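Within every chain, numbering begins at 1; the chains are lettered A, B, ... in the order of the sequence lines, protein sequences first and strands thereafter. In this text the structure is predicted, and so the values were computed from the model without any measurement.
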There are 2 protein chains.
Amino acid sequence: MSKIEERCLTMGIKMTGQRKIIAKVLSDSKDHPDVELLLQRATKIDPKISIATIYRTMRLFEENNIVERHEFGDGRSRYEETPRFHHDHIIDVNSGKVIEFQNDEIEKLQKQIVEDRGYNLVDHKLELYVKPKENKKST
Amino acid sequence: MSKIEERCLTMGIKMTGQRKIIAKVLSDSKDHPDVELLLQRATKIDPKISIATIYRTMRLFEENNIVERHEFGDGRSRYEETPRFHHDHIIDVNSGKVIEFQNDEIEKLQKQIVEDRGYNLVDHKLELYVKPKENKKST
DNA sequence: TTAACTGCAAACATTTTGCAACCGT
DNA sequence: ACGGTTGCAAAATGTTTGCAGTTAA
(Lines give C-alpha, C1' and ligand atoms only; values in the text may rest on other atoms or scores of the structure.)
Protein backbone atom coordinates (compact mmCIF):
# COMPACT_ATOMS: atom_id res chain seq x y z
CA MET A 1 0.00 0.00 0.00
CA SER A 2 1.38 3.41 -0.98
CA LYS A 3 2.24 6.08 1.53
CA ILE A 4 -0.47 8.34 0.17
CA GLU A 5 -3.06 5.58 0.40
CA GLU A 6 -2.20 5.20 4.08
CA ARG A 7 -2.69 8.89 4.64
CA CYS A 8 -6.04 8.71 2.89
CA LEU A 9 -7.22 5.96 5.23
CA THR A 10 -6.17 8.05 8.19
CA MET A 11 -8.32 10.87 6.82
CA GLY A 12 -11.24 8.51 6.29
CA ILE A 13 -11.23 8.88 2.51
CA LYS A 14 -12.99 6.10 0.66
CA MET A 15 -10.38 4.34 -1.44
CA THR A 16 -11.67 3.32 -4.82
CA GLY A 17 -9.61 1.51 -7.39
CA GLN A 18 -8.84 4.72 -9.25
CA ARG A 19 -7.84 6.58 -6.11
CA LYS A 20 -5.48 3.81 -5.12
CA ILE A 21 -3.84 3.98 -8.52
CA ILE A 22 -3.49 7.75 -8.41
CA ALA A 23 -2.16 7.54 -4.86
CA LYS A 24 0.44 5.00 -5.91
CA VAL A 25 1.45 6.91 -9.03
CA LEU A 26 2.04 10.08 -7.07
CA SER A 27 3.78 8.27 -4.22
CA ASP A 28 6.16 6.75 -6.75
CA SER A 29 6.80 10.08 -8.49
CA LYS A 30 10.03 11.74 -7.55
CA ASP A 31 9.28 14.82 -9.62
CA HIS A 32 6.41 17.32 -9.50
CA PRO A 33 4.00 15.98 -12.12
CA ASP A 34 1.08 17.89 -13.60
CA VAL A 35 -2.34 16.36 -14.24
CA GLU A 36 -1.43 15.32 -17.77
CA LEU A 37 1.61 13.44 -16.57
CA LEU A 38 -0.32 11.81 -13.74
CA LEU A 39 -2.89 10.67 -16.29
CA GLN A 40 -0.18 9.17 -18.48
CA ARG A 41 1.29 7.27 -15.58
CA ALA A 42 -2.07 6.13 -14.23
CA THR A 43 -3.17 5.02 -17.69
CA LYS A 44 -0.36 2.47 -17.73
CA ILE A 45 -2.05 0.76 -14.79
CA ASP A 46 -5.69 1.39 -15.72
CA PRO A 47 -6.12 2.43 -19.35
CA LYS A 48 -9.66 3.68 -18.83
CA ILE A 49 -9.04 6.14 -16.02
CA SER A 50 -10.24 9.63 -16.96
CA ILE A 51 -8.67 13.02 -16.58
CA ALA A 52 -11.72 14.27 -14.68
CA THR A 53 -10.99 11.69 -12.01
CA ILE A 54 -7.40 12.86 -11.77
CA TYR A 55 -8.58 16.43 -11.29
CA ARG A 56 -11.21 15.45 -8.73
CA THR A 57 -8.81 13.24 -6.85
CA MET A 58 -6.06 15.83 -6.71
CA ARG A 59 -8.54 18.35 -5.37
CA LEU A 60 -9.69 15.85 -2.77
CA PHE A 61 -6.13 15.09 -1.75
CA GLU A 62 -5.24 18.75 -1.65
CA GLU A 63 -8.22 19.56 0.57
CA ASN A 64 -7.06 16.85 2.94
CA ASN A 65 -3.48 18.11 2.96
CA ILE A 66 -2.29 14.90 1.38
CA VAL A 67 -0.73 16.64 -1.60
CA GLU A 68 0.62 20.11 -2.22
CA ARG A 69 -0.29 22.00 -5.36
CA HIS A 70 2.27 24.28 -6.98
CA GLU A 71 2.13 26.75 -9.82
CA PHE A 72 5.60 27.19 -11.16
CA GLY A 73 4.60 29.65 -13.82
CA ASP A 74 3.96 27.30 -16.75
CA GLY A 75 0.19 27.65 -16.55
CA ARG A 76 -0.77 24.32 -15.09
CA SER A 77 -0.73 22.95 -11.55
CA ARG A 78 1.91 20.51 -10.42
CA TYR A 79 1.69 18.23 -7.43
CA GLU A 80 3.80 16.50 -4.83
CA GLU A 81 3.03 14.40 -1.82
CA THR A 82 2.90 16.73 1.17
CA PRO A 83 6.42 16.43 2.51
CA ARG A 84 7.03 15.39 6.11
CA PHE A 85 9.49 18.26 6.28
CA HIS A 86 8.59 21.54 4.70
CA HIS A 87 10.74 22.77 1.84
CA ASP A 88 10.72 25.39 -0.88
CA HIS A 89 11.71 25.19 -4.53
CA ILE A 90 14.47 26.26 -6.85
CA ILE A 91 13.39 26.19 -10.50
CA ASP A 92 16.07 26.02 -13.18
CA VAL A 93 14.48 28.10 -15.92
CA ASN A 94 16.75 26.59 -18.56
CA SER A 95 15.98 22.94 -17.91
CA GLY A 96 12.72 23.17 -15.96
CA LYS A 97 14.27 21.06 -13.23
CA VAL A 98 12.94 21.62 -9.73
CA ILE A 99 15.22 21.37 -6.73
CA GLU A 100 13.95 21.28 -3.17
CA PHE A 101 15.61 23.14 -0.36
CA GLN A 102 15.08 24.08 3.21
CA ASN A 103 16.22 27.12 5.15
CA ASP A 104 15.15 27.61 8.73
CA GLU A 105 16.44 31.11 8.93
CA ILE A 106 14.19 32.30 6.11
CA GLU A 107 11.25 30.49 7.70
CA LYS A 108 11.87 32.29 10.96
CA LEU A 109 12.14 35.67 9.24
CA GLN A 110 8.86 35.10 7.40
CA LYS A 111 7.01 34.36 10.59
CA GLN A 112 8.48 37.39 12.23
CA ILE A 113 7.63 39.70 9.32
CA VAL A 114 3.92 38.90 9.37
CA GLU A 115 3.61 38.77 13.14
CA ASP A 116 5.17 42.20 13.42
CA ARG A 117 2.30 43.38 11.23
CA GLY A 118 -0.41 41.70 13.26
CA TYR A 119 -0.92 38.54 11.23
CA ASN A 120 -0.47 34.84 11.57
CA LEU A 121 1.25 33.00 8.76
CA VAL A 122 -1.07 30.36 7.31
CA ASP A 123 0.95 29.48 4.21
CA HIS A 124 3.75 30.72 2.08
CA LYS A 125 5.35 30.30 -1.28
CA LEU A 126 9.04 30.78 -1.95
CA GLU A 127 10.39 30.00 -5.37
CA LEU A 128 13.84 30.84 -6.63
CA TYR A 129 14.17 30.96 -10.41
CA VAL A 130 17.74 30.36 -11.47
CA LYS A 131 20.15 29.64 -14.29
CA PRO A 132 23.30 27.60 -13.97
CA LYS A 133 26.44 29.63 -13.28
CA GLU A 134 28.46 29.77 -16.44
CA ASN A 135 31.45 31.59 -17.78
CA LYS A 136 29.62 32.23 -21.02
CA LYS A 137 26.07 33.46 -20.87
CA SER A 138 23.50 31.37 -22.69
CA THR A 139 20.65 33.21 -24.43
CA MET B 1 1.79 61.94 -18.89
CA SER B 2 1.72 58.87 -16.67
CA LYS B 3 4.83 57.32 -15.21
CA ILE B 4 4.31 54.16 -17.22
CA GLU B 5 3.88 56.13 -20.44
CA GLU B 6 7.24 57.76 -19.79
CA ARG B 7 8.84 54.36 -19.33
CA CYS B 8 7.28 53.20 -22.57
CA LEU B 9 8.80 56.09 -24.47
CA THR B 10 12.19 55.25 -22.99
CA MET B 11 11.75 51.71 -24.29
CA GLY B 12 10.74 52.97 -27.72
CA ILE B 13 7.21 51.59 -27.50
CA LYS B 14 4.73 53.16 -29.88
CA MET B 15 2.11 54.87 -27.77
CA THR B 16 -1.37 54.52 -29.19
CA GLY B 17 -4.46 56.00 -27.60
CA GLN B 18 -5.35 52.70 -25.97
CA ARG B 19 -1.87 52.13 -24.59
CA LYS B 20 -1.82 55.60 -23.07
CA ILE B 21 -5.11 54.88 -21.36
CA ILE B 22 -3.95 51.52 -20.04
CA ALA B 23 -0.67 53.05 -18.91
CA LYS B 24 -2.52 55.77 -17.02
CA VAL B 25 -5.02 53.38 -15.49
CA LEU B 26 -2.27 51.16 -14.13
CA SER B 27 -0.14 54.08 -13.01
CA ASP B 28 -3.10 55.37 -11.04
CA SER B 29 -3.87 51.98 -9.51
CA LYS B 30 -2.64 51.53 -5.99
CA ASP B 31 -3.74 47.90 -5.84
CA HIS B 32 -2.77 44.91 -7.99
CA PRO B 33 -5.55 44.79 -10.59
CA ASP B 34 -6.28 41.86 -12.88
CA VAL B 35 -7.17 42.22 -16.55
CA GLU B 36 -10.89 42.39 -15.85
CA LEU B 37 -10.41 45.26 -13.42
CA LEU B 38 -8.08 47.08 -15.79
CA LEU B 39 -10.72 46.76 -18.49
CA GLN B 40 -13.36 48.22 -16.20
CA ARG B 41 -11.18 51.18 -15.36
CA ALA B 42 -10.07 51.72 -18.95
CA THR B 43 -13.65 51.50 -20.18
CA LYS B 44 -14.53 54.56 -18.13
CA ILE B 45 -12.11 56.54 -20.28
CA ASP B 46 -12.66 54.78 -23.61
CA PRO B 47 -15.83 52.66 -23.67
CA LYS B 48 -14.80 50.76 -26.78
CA ILE B 49 -11.44 49.46 -25.62
CA SER B 50 -11.29 45.68 -25.86
CA ILE B 51 -10.07 43.03 -23.46
CA ALA B 52 -7.73 41.65 -26.13
CA THR B 53 -5.94 44.97 -26.17
CA ILE B 54 -5.56 44.86 -22.40
CA TYR B 55 -4.04 41.40 -22.62
CA ARG B 56 -1.74 42.35 -25.49
CA THR B 57 -0.67 45.54 -23.80
CA MET B 58 0.05 43.87 -20.48
CA ARG B 59 2.16 41.29 -22.25
CA LEU B 60 4.02 44.04 -24.08
CA PHE B 61 4.60 45.94 -20.86
CA GLU B 62 5.69 42.81 -19.07
CA GLU B 63 8.19 41.92 -21.79
CA ASN B 64 9.65 45.39 -21.44
CA ASN B 65 9.84 45.14 -17.66
CA ILE B 66 7.39 47.97 -17.30
CA VAL B 67 4.95 45.93 -15.26
CA GLU B 68 5.26 42.88 -13.06
CA ARG B 69 2.82 40.02 -13.35
CA HIS B 70 1.78 38.11 -10.24
CA GLU B 71 -0.24 34.99 -9.68
CA PHE B 72 -1.59 35.09 -6.18
CA GLY B 73 -3.41 31.81 -6.42
CA ASP B 74 -6.83 33.01 -7.54
CA GLY B 75 -6.36 31.79 -11.10
CA ARG B 76 -5.85 35.05 -12.93
CA SER B 77 -2.83 37.28 -13.36
CA ARG B 78 -2.56 40.52 -11.49
CA TYR B 79 -0.31 43.43 -12.37
CA GLU B 80 1.59 46.28 -10.83
CA GLU B 81 3.93 48.89 -12.20
CA THR B 82 7.45 47.53 -11.82
CA PRO B 83 8.49 49.06 -8.53
CA ARG B 84 11.63 51.17 -8.26
CA PHE B 85 12.47 49.17 -5.16
CA HIS B 86 11.91 45.46 -5.11
CA HIS B 87 9.37 44.09 -2.65
CA ASP B 88 7.47 40.91 -1.91
CA HIS B 89 3.84 40.38 -0.95
CA ILE B 90 1.74 39.47 2.03
CA ILE B 91 -1.73 38.26 1.03
CA ASP B 92 -4.51 38.38 3.61
CA VAL B 93 -6.50 35.30 2.68
CA ASN B 94 -9.57 36.57 4.52
CA SER B 95 -9.89 39.92 2.78
CA GLY B 96 -7.77 39.38 -0.32
CA LYS B 97 -5.79 42.50 0.57
CA VAL B 98 -2.18 42.58 -0.62
CA ILE B 99 0.52 44.22 1.46
CA GLU B 100 3.98 44.93 0.13
CA PHE B 101 7.09 44.41 2.19
CA GLN B 102 10.81 44.37 1.87
CA ASN B 103 13.41 42.36 3.73
CA ASP B 104 17.04 42.59 2.77
CA GLU B 105 18.08 39.73 4.96
CA ILE B 106 15.82 37.29 3.14
CA GLU B 107 17.04 38.63 -0.19
CA LYS B 108 20.60 37.98 0.84
CA LEU B 109 19.83 34.46 2.02
CA GLN B 110 18.09 33.63 -1.25
CA LYS B 111 21.08 34.69 -3.28
CA GLN B 112 23.37 32.70 -1.06
CA ILE B 113 21.22 29.56 -1.24
CA VAL B 114 21.27 29.33 -5.00
CA GLU B 115 24.88 30.37 -5.40
CA ASP B 116 25.96 27.67 -2.97
CA ARG B 117 24.32 25.24 -5.39
CA GLY B 118 26.00 26.61 -8.49
CA TYR B 119 23.24 28.86 -9.81
CA ASN B 120 22.58 32.50 -10.39
CA LEU B 121 19.30 33.92 -9.17
CA VAL B 122 17.34 35.37 -12.09
CA ASP B 123 14.01 35.89 -10.36
CA HIS B 124 12.12 34.92 -7.27
CA LYS B 125 8.70 34.83 -5.79
CA LEU B 126 7.97 35.16 -2.09
CA GLU B 127 4.39 35.32 -0.94
CA LEU B 128 3.20 35.12 2.63
CA TYR B 129 -0.43 34.07 3.05
CA VAL B 130 -1.81 35.28 6.34
CA LYS B 131 -4.84 35.79 8.52
CA PRO B 132 -5.26 38.60 11.03
CA LYS B 133 -4.24 37.71 14.55
CA GLU B 134 -7.37 37.26 16.62
CA ASN B 135 -8.32 36.06 20.02
CA LYS B 136 -11.10 33.98 18.54
CA LYS B 137 -10.36 31.90 15.48
CA SER B 138 -12.56 32.57 12.47
CA THR B 139 -13.58 29.61 10.30
C1' DT C 1 2.51 55.57 -46.51
C1' DT C 2 2.81 51.56 -44.22
C1' DA C 3 3.97 48.55 -40.64
C1' DA C 4 2.01 48.08 -36.41
C1' DC C 5 -2.23 48.18 -33.70
C1' DT C 6 -7.20 47.34 -32.61
C1' DG C 7 -11.79 45.08 -32.05
C1' DC C 8 -14.28 41.20 -32.75
C1' DA C 9 -15.09 36.57 -32.52
C1' DA C 10 -13.26 32.21 -32.77
C1' DA C 11 -9.74 29.26 -30.92
C1' DC C 12 -7.02 27.53 -27.05
C1' DA C 13 -5.56 25.38 -22.67
C1' DT C 14 -6.72 24.10 -18.30
C1' DT C 15 -10.05 22.91 -15.09
C1' DT C 16 -14.87 22.06 -13.59
C1' DT C 17 -19.39 20.05 -13.90
C1' DG C 18 -24.06 17.59 -15.22
C1' DC C 19 -25.58 13.26 -15.82
C1' DA C 20 -26.27 8.37 -16.31
C1' DA C 21 -23.91 4.24 -15.18
C1' DC C 22 -21.17 2.00 -11.68
C1' DC C 23 -19.04 0.54 -7.33
C1' DG C 24 -17.61 0.23 -2.32
C1' DT C 25 -19.31 -0.34 2.11
C1' DA D 1 -29.37 -0.88 -1.59
C1' DC D 2 -27.66 3.52 -1.78
C1' DG D 3 -24.76 7.35 -1.61
C1' DG D 4 -20.52 8.42 -3.35
C1' DT D 5 -17.61 7.89 -7.53
C1' DT D 6 -16.55 7.51 -12.43
C1' DG D 7 -16.34 8.47 -17.48
C1' DC D 8 -17.88 11.14 -20.95
C1' DA D 9 -18.82 15.21 -23.10
C1' DA D 10 -20.20 19.80 -22.52
C1' DA D 11 -19.33 24.06 -20.10
C1' DA D 12 -16.66 27.41 -17.74
C1' DT D 13 -12.57 30.24 -17.19
C1' DG D 14 -8.66 32.83 -18.43
C1' DT D 15 -5.89 33.90 -22.29
C1' DT D 16 -4.34 34.02 -27.21
C1' DT D 17 -4.93 34.65 -32.09
C1' DG D 18 -6.62 35.32 -37.21
C1' DC D 19 -8.40 38.73 -39.80
C1' DA D 20 -10.20 42.95 -41.74
C1' DG D 21 -10.25 47.63 -40.76
C1' DT D 22 -7.72 51.62 -38.31
C1' DT D 23 -3.91 54.49 -36.72
C1' DA D 24 0.67 56.35 -35.15
C1' DA D 25 5.05 57.81 -36.76
Engineer: Expressed in angstrom and rounded to an integer, what is the separation of A/D46 atom CG from C/dC23 atom P?
Structural biologist: 11 Å
Engineer: Would you call B/D46 and B/K48 a salt bridge, taking side-chain N to carboxylate O under 4.0 Å as the test?
Structural biologist: yes
Engineer: Salt bridge (Lys or Arg N to Asp or Glu O under 4.0 Å) with A/R41: which residues, sequence neighbours excluded?
Structural biologist: A/D31
Engineer: Under the 4.5 Å side-chain heavy-atom rule for ILVMFWY, direct or indirect, which residues accompany B/V122?
Structural biologist: A/F72, A/I91, A/V93, A/V98, A/Y129
Engineer: Taking atom CD1 of B/I90 and atom OH of A/Y119, what is their separation to the nearest 0.5 Å?
Structural biologist: 7.5 Å
Engineer: Both B/K14 and B/T53 contact DNA chain C. Which one's nearest nucleotide lies toward the 5' end?
Structural biologist: B/K14
Engineer: Whole angstroms only, please: what is the CG-P distance between B/L60 and C/dA4?
Structural biologist: 13 Å
Engineer: side-chain hydrogen bond (donor to acceptor under 3.5 Å, both in side chains): which pairs involve residues 15-26 of chain B, sequence neighbours left out?
Structural biologist: B/K24-B/D28
Engineer: Find the distance B/I13:CD1 to C/dA4:C1' and express it as a whole number of Å.
Structural biologist: 13 Å
Engineer: Would you confirm whether B/R78, through its side chain, and B/H32, through its main-chain N or O, come within 3.5 Å as a donor-acceptor pair?
Structural biologist: yes
Engineer: side-chain hydrogen bond (donor to acceptor under 3.5 Å, both in side chains) between A/H70 and A/E127: does it pass, once the steps are laid out?
Structural biologist: CA-CA 10 Å; A/H70 301 291; A/E127 290 155 20; 5.2 Å; no
Engineer: When B/H86 is tested against each of B/E68, B/H124, B/Q102 for side-chain hydrogen bond (donor to acceptor under 3.5 Å, both in side chains), which residue passes?
Structural biologist: B/H124
Engineer: For DNA chain C, determine which residues of residues 1-10 of chain A have any heavy atom closer than 4.0 angstrom to one of its atoms, and list them numerically.
Structural biologist: none
Engineer: Can you check side-chain contact (heavy atoms from CB on, under 4.5 Å) on A/I106 and B/L126, steps first, answer last?
Structural biologist: CA-CA 11 Å; A/I106 288 186; B/L126 172 58; 5.7 Å; no
Engineer: Could you check whether atom NZ of B/K111 has more than 12 heavy atoms from other residues, nucleotides or ligands sitting under 6.0 Å from it?
Structural biologist: no
Engineer: Anything under 4.0 Å to a heavy atom of chain B counts; send over the first and last such nucleotide of DNA chain D, read 5' to 3'.
Structural biologist: D/dG14 to D/dA25
Engineer: Which letter, B, S or -, goes with each nucleotide of nucleotides 12-19 of chain C from 5' to 3', with contact meaning a protein heavy atom under 4.0 Å?
Structural biologist: --SBBBB-
